Amino acid sequence: MNFRDEIFNLIKKIPVGKVATYGAIARALSKPGAARAVGNALNKNRDFVKIPCHRIVRSDGIAGGYVLREKKKTEKLRREGVRIEKGKIVDFEKYIYKF
DNA sequence: ATTATGACCGAAG
DNA sequence: GCTTCGGCCATAA
């Protein structure tokens with residue numbers, strides 16, 4: 001089980017309409033501070049079917065990076081019911097998925 | 001082993 | 001509200 005797979009197994013459980021921060025993922029894997037590494041791992045993987053990588057956002061409420069640009073990412077989130085204004089998520093806490 | 005890179009984070013100006 | 005900076009960690013070269 002490598003780092004990438006750990007992340008996949010974790011985030012593929014995130015339900016529609018919910019999101020998680022890179023930092024949260026890192027902590028859930030008992031590796032606090034590895035937020036950056038998480039994003040790096042997601043960047044390499046692009047299995048859109050199995051992995052909903054668009055549900056992973058930054059701690060400040062901004063969508064963050066994405067293979068197809070941040071714009072597409074926020075669109076997908078909106079489509080799932082997440083309200084976003086000025087590029088930031090409204091009522092951030094409300095959408096956070098806790099592990 | 002050393003260096004560089006990136007979908008990050010938090011604090012500081 | 002914004003930009004900068006230092007620190008963080010897994011990968012690739």
Side-chain angles (χ1 to χ4, degrees):
Chain A
M1 212 42 145
N2 58 42
F3 193 59
R4 279 202 325 265
D5 295 326
E6 303 246 358
I7 296 175
F8 299 160
N9 288 317
L10 197 60
I11 70 179
K12 70 182 175 188
K13 301 179 202 158
I14 302 177
V16 177
K18 294 282 183 177
V19 299
T21 68
Y22 294 93
I25 302 293
R27 288 193 296 273
L29 295 177
S30 312
K31 296 183 179 184
R36 208 165 183 177
V38 172
N40 202 336
L42 286 179
N43 180 37
K44 292 176 181 175
N45 173 68
R46 34 191 87 113
D47 195 336
F48 301 107
V49 183
K50 301 176 184 175
I51 317 301
C53 16
H54 60 280
R55 306 226 181 95
I56 313 303
V57 300
R58 303 199 340 187
S59 62
D60 54 9
I62 297 175
Y66 197 51
V67 182
L68 315 174
R69 296 288 199 219
E70 182 176 335
K71 207 172 182 179
K72 288 280 183 180
K73 189 169 177 181
T74 62
E75 276 182 24
K76 276 180 171 269
L77 288 175
R78 283 227 189 76
R79 189 185 311 167
E80 296 185 346
V82 179
R83 193 180 164 198
I84 301 175
E85 273 179 37
K86 314 291 185 192
K88 292 170 201 163
I89 299 176
V90 183
D91 290 330
F92 192 36
E93 295 255 334
K94 182 177 169 189
Y95 300 106
I96 297 179
Y97 175 75
K98 300 167 187 72
F99 297 100

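No experiment lies behind these values; they were computed from the predicted model shown. Heavy atoms only: backbone and side chains are in, while hydrogens, waters and symmetry mates are out. So that the names make sense, note that chain A is the first sequence line, chain B the second, and so on, each numbered from 1.
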Requested in this report: To the nearest Å, give me how far apart CZ (Phe3(A)) and C1' (dT11(C)) are.
Outcome: 11 Å
**Report entry** Other ILVMFWY residues reachable from Val67(A) by side-chain steps of under 4.5 Å
**Finding:** Phe48(A), Tyr66(A), Leu68(A)
Show me the donor-acceptor pairs, under 3.5 Å and distance only, between side chains in residues 49-57 of chain A and residues at least two apart or in other chains.
residue  : atom : partner  : partner atom : Å
His54(A) : NE2  : Glu80(A) : OE2          : 2.8
Arg55(A) : NE   : Glu80(A) : OE1          : 2.7
Arg55(A) : NE   : Glu80(A) : OE2          : 3.4
Arg55(A) : NH1  : Ile14(A) : O            : 2.7
Arg55(A) : NH2  : Glu80(A) : OE2          : 3.1

Query raised in the report: How does protein contact run along nucleotides 5-13 of chain B, one letter per nucleotide 5' to 3', with B for base contact, S for sugar-phosphate only, - for none, heavy atoms under 4.0 Å?
Result: -BBBSS---
Query raised in the report: Within the structure shown, what part of the strands sits under 4.0 Å from Lys88(A) by heavy-atom distance: base, sugar-phosphate, or nothing?
Result: sugar-phosphate
Going by atom type alone, with no hydrogens or angles, which donor-acceptor pairs under 3.5 Å involve a side-chain atom of residues 88-99 of chain A and a protein atom two or more places apart or on another chain?
residue  : atom : partner  : partner atom : Å
Tyr95(A) : OH   : Arg83(A) : N            : 3.4

Cut-off 3.5 Å, no hydrogens considered: what does the side-chain donor-acceptor table look like for residues 2-10 of chain A, sequence neighbours left out?
residue : atom : partner  : partner atom : Å
Asn2(A) : OD1  : Arg4(A)  : N            : 3.1
Asn2(A) : OD1  : Asp5(A)  : N            : 2.8
Asn2(A) : ND2  : Asp5(A)  : OD2          : 3.3
Asn9(A) : OD1  : Lys12(A) : NZ           : 3.1
Asn9(A) : ND2  : Asp5(A)  : O            : 3.0

Query - Pairwise salt bridge (charged side-chain N to carboxylate O under 4.0 Å, His left out) hits with a residue in residues 13-34 of chain A, at least two apart - result: none
